[in-house]
Amino acid sequence: MRQWRSIAKEAMDRASIIVKFLCLLHVTDAYVVSSNHVLGPSMLPTLNITGDVVLVEHLSHRIGKLGSGDLVLVRSPLDPNKTLTKRIVAVEGDRVTFSLDPTRSFSSRSLVVPKGHVWIQGDNLYVSRDSRHFGPLPYGLIEGKVFMRVWPPNSFGLLG
């Protein structure tokens with residue numbers, strides 16, 4: 001009987017360690033830093049069309065430390081199941097002049113980014129679906145700041 005009690009205690013201790021580790025992993029992934037696979041041509045030449053694995057930190061946007069030029073991971077306003085990687089072009093209060101079709105510059109429009117919003121665009125304007133199509137992005141849809149590319153190895157390094 002004593003032997004079973006000892007085995008049960010050991011199993012519970014190990015299970016407790018595993019649960020604590022998994023909780024720490026979840027908190028780190030959700031609130032500190034996570035990795036994300038980015039595909040597509042909208043961020044050429046900054047990110048590769050064949051796909052990059054990037055690190056995203058989740059603190060800057062929570063404390064208001066994002067600005068123009070930062071790469072961000074955002075929840076798509078058109079499809080909440082998708083995430084997009086884009087560049088912040090303007091923050092609240094900034095005036096933005098844009099054209100839906102970059103080949104026809106005479107059809108440009110201008111607006112002021114409203115409070116609590118940012119204006120995002122892909123680096124490759126010809127194929128990017130961004131704020132030019134869905135308007136200013138609510139700050140709450142920002143999931144984090146992209147700060148490093150970790151794959152492929154020959155492109156490893158800081159972004160931004």
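Because only heavy atoms are used, hydrogens play no part in the values below, and waters and symmetry mates are left out as well, while side chains stay in.
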Does a side chain donor of either Ser99 or Arg109 reach within less than 3.5 Å of an acceptor in the other side chain? no

Are Val19 and Val27 joined in one hydrophobic group, where the rule is that I, L, V, M, F, W and Y side chains link up if heavy atoms are under 4.5 Å apart? no

Return yes if some donor-acceptor pair links the side-chain N/O of Glu92 with the main-chain N/O of Gly116 below 3.5 Å, else return no. yes

One pair to check against side-chain contact (heavy atoms from CB on, under 4.5 Å): Phe156 and Val150. What are the steps and the verdict? CA-CA 5 Å; Phe156 182 87; Val150 295; 3.9 Å; yes

Joint hydrophobic cluster, Phe21 plus Ile18, side-chain heavy atoms closer than 4.5 Å: yes

Rounded to the nearest 0.5 Å, what's the gap from CG on Asp52 to OG on Ser155? Could you check? 6.0 Å

Under the criterion side-chain contact (heavy atoms from CB on, under 4.5 Å), I'd like the reasoning laid out for Val74 against Thr83: C-alpha separation, chi angles, the key distance, then a yes or no. CA-CA 5 Å; Val74 300; Thr83 56; over 6 Å; no

What residue pairs, at least two apart or across chains, pass salt bridge (Lys or Arg N to Asp or Glu O under 4.0 Å) with a residue in residues 118-140? Arg87-Asp123, Asp130-Arg132

So, do Ile142 and Leu137 sit near enough that their side-chain heavy atoms are less than 4.5 Å apart? yes

Has Glu57 got a side-chain atom pairing as donor or acceptor with Ser60's backbone, closer than 3.5 angstrom? yes

Please report the closest heavy-atom contact between Leu111 and Pro136, naming both atoms and the distance. CD1-CG, 4.4 Å

When hydrophobic residues are tied together by side-chain contacts of less than 4.5 Å, even through go-betweens, does Trp4 share a cluster with Met12? no

Between Phe134 and Pro77 the two heavy atoms that sit nearest each other are CD1-CG, 3.5 Å

For the atom pair CG (Asp94) and CD1 (Ile88), what is the distance rounded to the nearest 0.5 Å? 10.5 Å

Shortest non-hydrogen contact between Pro41 and Ile49, atoms and distance: CB-CD1, 3.7 Å

For Val89 and Ser68 the tightest heavy-atom approach is O-OG, 3.2 Å

CE of Met43 to CG of Leu159, rounded to nearest 0.5 Å, is 8.5 Å

Quick one: does any side-chain atom of His117 pair with a main-chain N or O of Lys115 as donor and acceptor, under 3.5 Å? yes

I'd like to know whether Val54 forms a side-chain contact (heavy atoms from CB on, under 4.5 Å) with Leu47, so could you lay out the CA-CA distance, the side-chain angles of the two residues, the decisive distance to 0.1 Å, and finally the verdict. CA-CA 9 Å; Val54 296; Leu47 299 173; 4.2 Å; yes

Less than 4.5 Å apart, side chain to side chain, heavy atoms only: is that true for Val56 and Ser35? no

For the pair Asp79 (side chain) and Asn81 (backbone), establish whether a donor and an acceptor sit closer than 3.5 Å, ignoring hydrogens and angles. yes

If we ignore hydrogens and angles and just use 3.5 Å, is the side chain of Ser131 paired with the main-chain N or O of Ile120 as donor and acceptor? yes

Hey, what do you get for CG (Leu66) to NZ (Lys145), rounding to the nearest 0.5 Å? 6.5 Å

Which atom names give the shortest non-hydrogen contact between His58 and Glu143, and what distance separates them? ND1-O, 2.6 Å

So, Arg149 side chain and Gly157 main chain: donor-acceptor pair closer than 3.5 Å or not? no

Distance in Å, Thr85 OG1 paired with Leu73 CG, rounded so as to fall on 0.5 Å steps: 5.0 Å

With a 4.5 Å limit on heavy-atom distance, are the side chains of Val72 and Val146 in contact? no

Do the side chains of Gln121 and Ser128 get nearer than 4.5 Å, heavy atoms only? no

For residues Ser110 and Val96, determine if any side-chain heavy atom of one lies less than 4.5 Å from a side-chain heavy atom of the other. no

Taking OH in Tyr31 as the centre, count heavy atoms belonging to other residues, nucleotides or ligands within less than 6.0 Å. Is the count above 12? no

To the closest 0.5 Å, what do you measure between NZ (Lys65) and CG (Asp70)? 12.0 Å

Donor-acceptor pair, side chain of Asn124 and main chain of Leu44, under 3.5 angstrom: no

Do Tyr139 and Val118 come within less than 4.5 Å of each other through their side chains, counting heavy atoms only? yes

Identify whether Val91 and Trp119 are in the same connected component of the hydrophobic contact network (ILVMFWY, side-chain heavy atoms under 4.5 Å). no

